[in-house]
Structures are given as structure tokens and as C-alpha cells.
Amino acid sequence: MIESVFRTDELPAADRYDSWVEMTARSLLPTAISCDHADDFRAETRVLDLHVLQVSVLKFPPMRSRRPQRLIRRAVPEACQLALNPCGYMGISQLDRDMILHRGGLVAFDSSHTFDSHMAADDGTAAGVTVLQVPRTLLPLAANDLREIMVRPLSGRTGVGMLLTQTLGRVLADTSQFRSADGPRLGAVLLELLSALLANELNDGRPAGPAHQLTLLHQAKAFIHQHLGDADLSPSMTAAAHHISTRHLHRLFNDAGLTIAGWIRRRRLEQCHRDLVDPLWRTCSVHVIAARWGFSNPAHFSRAFRAAYGMSPSEHRHDFQRFR
């Protein structure tokens, strides 16, 4: 797995707050942050990249974080975030719902909708939260179903929620015990538990598809997400990895109202859309970023990007820089 740690006290005091805002926008979601401790901002973040999902452990002074519509339009892919085990408490408002999260509780929210959150410790001195973030398209639930369970109380003390928090806690307690190859496997385990937690919480009485078929679709999506940068990624490669026929794989996606080629193309475009405005890739050309995510034909990439976002890749990059 890939683990990175960011501590603001390793920077000059004048640079700490702005560096934190830029780091969280890049590793989590772009948000508008306000804090009374910006002049001497002391914060720390651990980020675990588990391929299909990301885990972030954040500690910071009390603050408010908002995600307005203007930031939603600029950042993809759409993600589901699960917040758990805050230091103190976390309040969040989204979809006309309000909730206060305390230690032991869980709450899910959606990056494609505006939200407003505030975080503080019980003694008012420090705050923090652990966030599990996954692309929404990797969850085996329809968008309307996910909307039903956003900003609703979820238990981290019983059932699948307890398994999820305990598994995550053991991973975070000592990451040195894991090999680099364990990252994708751990990510797959956590993704399965998160999917089960949300599916169980939905509990709306409608019949679900066969569990085995839903699991296969979920696994195929996770495999594709891990191999987006492989120019040889194809339906036959994905089917072979799961020991099913290509015809069976197409049927899994068709039953969910999708095509596998369209799903791969959309996920690749989302990754390019993100990297084009990521400061880490600012010196790379558009074509290098496109090739990084499996687009070997620059002209085809430009046409696909414009069809998806209404502007060229270069225009997107320039537009983001202009409004930063």
C-alpha cells in the first residue's frame, strides 16, 4: 500500500494553512475551509492509498468546511465518503438533513451534492476525523438508493459497521505489517464491507438482484478501476480475471443499465479530468496524462473529453487555473 503523512508543523507558520487547504483539495475533495487558527495552523494527515479506495486520518484545529456548487462542477469523479470516529464531534448538513457524529458513529455523504460541516473537540482545542473515500461508481447501489442513506445515522458498534470499523482500525494501528501487494486486497475487503453496510442500511423492501451477480459486477468494477492505466484493459481481460465468459460479463453490465466499454471510458475520463488540474501533474502535457490512463490516441481522447465535459482538455486546465 502507499502511505503518506503530511504535518503542517514541518512548514513555516505562514505557509501552513494554505498548504493544508491545497493538500486536502488534492487528496480528498475541494472544499471552502474557514478556521480561527489560520495564523498558526497545526494539523496532520495520514493517507492510505488502497487502489479502489482511500483512507485519510485527519487531525486539525476546529474548523468549518463547505462544498458549494461551484466546486462540485470542477471536480470528478463523484465520490462517497464515510466519516467515522471523530475526535470530539462532527456536524454535517446535506440534502436538507442535519446530523451530529460522535465517536463510534458513522455517516456517509456524497461529493456530488453541496454540504456544510463543522468539526471540533469536546474541549475546543483540537478536532479530527477518519474518512474512507470511494468512487461512487464502485458501489453496487443506484444513485437514488445512495441518496436515501446519505447523512443518516449508521452504527459502527454492531453488525457490518462494527466489522468495518474494527478492520480499518487494525489496518491503521500498524501499517508496517502489510506488504505493498496487500494494498489492493485490503481495499477490496473494505469496499466489500462498506458496500454491505450501505446495502443493509437501505432496507427499502425492494427485491435485490441475485447476490452472486451483484458481487461479480462489483468485483469486475474494482478490477477495472485498478487497471485503468493499462492500455490492454478490455472486456476479455476483465472476464478472464474473474473466470467468466466475456458474454457473461457484458450481461452483468447490461443488467445494471451499463456497457462495459462505456464504463471504462467514463472512469478513464474522470481520472484525466482530475489530473489535468492536479498541481502534481501541472508540468505534464495533456497527451501524457491521457496516455497515463489508457488513451493512446490523442485525437480520440480530445473528442471524448469534449463530448463528456463540453470543453477541450486544455480549456479545462486553463479554466481551473483562472478561477483558483
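Partners of F305 by ring pair (Phe, Tyr, Trp, His ring centres under 6.0 Å), not counting sequence neighbours, listed by chain and number: H273, F301, Y309, H316. For T114, the side-chain hydrogen bond (donor to acceptor under 3.5 Å, both in side chains) criterion is met by no residue, not counting sequence neighbours. Residues meeting the side-chain hydrogen bond (donor to acceptor under 3.5 Å, both in side chains) test with Q133, sequence neighbours left out: Q81. A search for side-chain hydrogen bond (donor to acceptor under 3.5 Å, both in side chains) contacts involving D98 returns S93, not counting sequence neighbours.
By the 4.0 Å N-to-carboxylate-O rule, E44 lies close enough to R7 to be salt-bridged with it. The existence of a salt bridge linking E201 and R152 is excluded, since no basic side-chain nitrogen approaches an acidic carboxylate oxygen closer than 4.0 Å. Ionic pairing of D145 and R147 is not present here: no N-O contact between side-chain nitrogen and carboxylate oxygen is shorter than 4.0 angstrom.
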Show me, pair by pair, the donor-acceptor contacts under 3.5 angstrom made by side chains of residues 24-33, not counting sequence neighbours?
unit_1: T24; atom_1: OG1; unit_2: W20; atom_2: O; d: 3.1
unit_1: T24; atom_1: OG1; unit_2: V21; atom_2: O; d: 3.0
unit_1: S27; atom_1: OG; unit_2: M23; atom_2: O; d: 2.9
unit_1: T31; atom_1: OG1; unit_2: S65; atom_2: OG; d: 3.2

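In the model, S234 has a side-chain atom that pairs as donor or acceptor with a side-chain atom of S236 under 3.5 Å. If you check the side chains of S112 and R136, you find a donor sitting under 3.5 Å from an acceptor. Counted by atom type alone, R274 and Q271 present one or more donor-acceptor pairs between their side chains at under 3.5 Å.
By the 6.0 Å contact criterion, CG on D39 is open, its count of non-hydrogen atoms from other residues, nucleotides or ligands being 12 or less.
The stretch residues 293-303 participates, sequence neighbours left out, in these side-chain hydrogen bond (donor to acceptor under 3.5 Å, both in side chains) pairs: D275-W293.
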